[in-house]
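Worksheet: the structure to be examined is printed underneath.
Note that these values count all heavy atoms, side chains included, but never hydrogens, waters or copies made by symmetry. All values derive from a computational prediction rather than experimental measurement. Throughout, a chain's letter reflects where its sequence line sits, starting with A, and its residues are numbered from 1.
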Number of protein chains: 2
Amino acid sequence: MTERKKTNEPDTRTRIVEAALETLREEGFAGTTARAIAARGGFNQALIFYHFGSVAALLLEAFRATSEEQVAKYNAAAAEVGSLSDLVEIARRLHEEDLESGAVTVVTQLMAAAASDPDAGRAMLDRFEGWIGLVENALRGALASNPLAALVPVREAGYAICAMFLGIELMSRLDPERSEADQVFAMMSAMAQLAQELLPKVLPES
Amino acid sequence: MTERKKTNEPDTRTRIVEAALETLREEGFAGTTARAIAARGGFNQALIFYHFGSVAALLLEAFRATSEEQVAKYNAAAAEVGSLSDLVEIARRLHEEDLESGAVTVVTQLMAAAASDPDAGRAMLDRFEGWIGLVENALRGALASNPLAALVPVREAGYAICAMFLGIELMSRLDPERSEADQVFAMMSAMAQLAQELLPKVLPES
DNA sequence: GTCTATAGTCGGATAGAC
DNA sequence: GTCTATCCGACTATAGAC
């Protein structure tokens, strides 16, 4: 990795990665060309090939960077999860922040694009493992004081929750004004509340 | 609509729509060009523009066609749903059939592509309403004999289930060999079973 | 490391013959 | 309705000056 100077200016690689993410978010995968990225970031198109070799390699690196950043950010929050309600609340907050940052939108765009390229698909899945693990951890915390813990396979549930989150993001972006994500999170919050109240009555402590 | 001849040969519009869906499934959105569609279907590229005006218009029409077909097909099954377990089983079957047909993969590809085009996004969302309604109906059937019915808002739950399904499809396509969809459906089946056994004990009949 | 310029390819779309 | 031929713009990627 290149040394970071003590200036406020990010180095070129970082600027390129950030412009790539921004383009992916605003223009979608199909609109994320070397020219579009360079125009958005205000640098020369040829720099992308000098620094990353190809647009595809840049996008993979950009996904790695944003995944690491986001997972680190939410892992702290996940460690504090003590109930299903907490878990829903984190998900809600992540969604809300994504309306601005588009970090998850970037994931759905890259996943859809990688669906027809086995190598890219495998690479994406490897990197997405961090997200699933994040949810698994949060889920373990959420179930710690719940008799349901013995009955819910955390891996599968984490996978399913990630899937739902991606799907909500995909649908919400189609027409943000008609997004029903808020109501969905409210519903899940109510369900979590219900599960916490009712389950102890019917399940014995393990 | 053009009259259907009494031959086994589908008319040209149909052939084009089918080639477009096949291309979308095999090559992804980025690879779905007029030339690729024509090559796959064995017809002339110019026919796409003669019959549909543009590639984008063709894809929208293709989505309409496949959605209507799939929703009609599964609406019959949805009407028979009498429990949460039935609902999970339908979802599992749809997923299994999608491994072959790719009908849902097409939806995720078109949704991701439409994310950066507000007009296309709204059109996609309108047409996706049929899928949400399908799940809503199945859910009503699943909850009919369950005290949970009074507590679960069917619209939100239907939306969430659709989202999860799309997400599972998106993730599964990245590397079909590493797909965890089967385990996820098994987990949901167990949860449905559990809900059916336990909830009546703790919720009064409404 | 960053720039300009350009080669080479592929895409949407149309004109016009049949 | 279907074909051939083609225009033209946009793309990735590279060569080479600075």
Under a 4.0 Å N-O cut-off, is there an ion pair linking Lys73(A) with Glu69(A)? no
For the side chain of Asp11(B) and the backbone of Thr14(B), is there at least one donor-acceptor N/O pair under 3.5 Å apart? yes
Residue pairs, two or more places apart or on separate chains, that pass side chain to side chain donor-acceptor pair (under 3.5 Å) and touch residues 24-33 of chain A: Glu27(A)-Arg40(A)
Using atom names, set out every protein N or O paired with an N or O of nucleotides 16-18 of chain D below 3.5 Å, distance rounded to 0.1 Å.
none

Where protein sits on nucleotides 2-8 of chain C, one letter per nucleotide: B base, S sugar-phosphate only, - none, heavy atoms under 4.0 Å: BBB----
Only counting residues at least two apart or in another chain, list the ones meeting side-chain hydrogen bond (donor to acceptor under 3.5 Å, both in side chains) with Asp126(B). Arg178(A)
Distance-only, no hydrogens or angles: does the Glu61(A) side chain make a donor-acceptor pair with backbone N or O of Val17(A) under 3.5 Å? no
Give a yes or no on whether the backbone of Phe185(B) and the side-chain of Ser189(B) come within a donor-acceptor separation of less than 3.5 Å. no
Across all chains, not counting sequence neighbours, the salt bridge (Lys or Arg N to Asp or Glu O under 4.0 Å) partners of Arg93(A) are Glu97(A)
Going by the rule side-chain hydrogen bond (donor to acceptor under 3.5 Å, both in side chains), which residues pair with Asp117(B) if we only count those two or more places apart in sequence or in a different chain? none
In whole angstrom, what separates Leu58(B)'s CG from dA13(C)'s C1'? 14 Å
Given atom CZ of Phe52(B) and atom P of dT14(C), what is their separation to the nearest angstrom? 16 Å
Could you state the atom-to-atom distance from CD1 of Ile37(A) to P of dA13(D) in whole Å? 11 Å
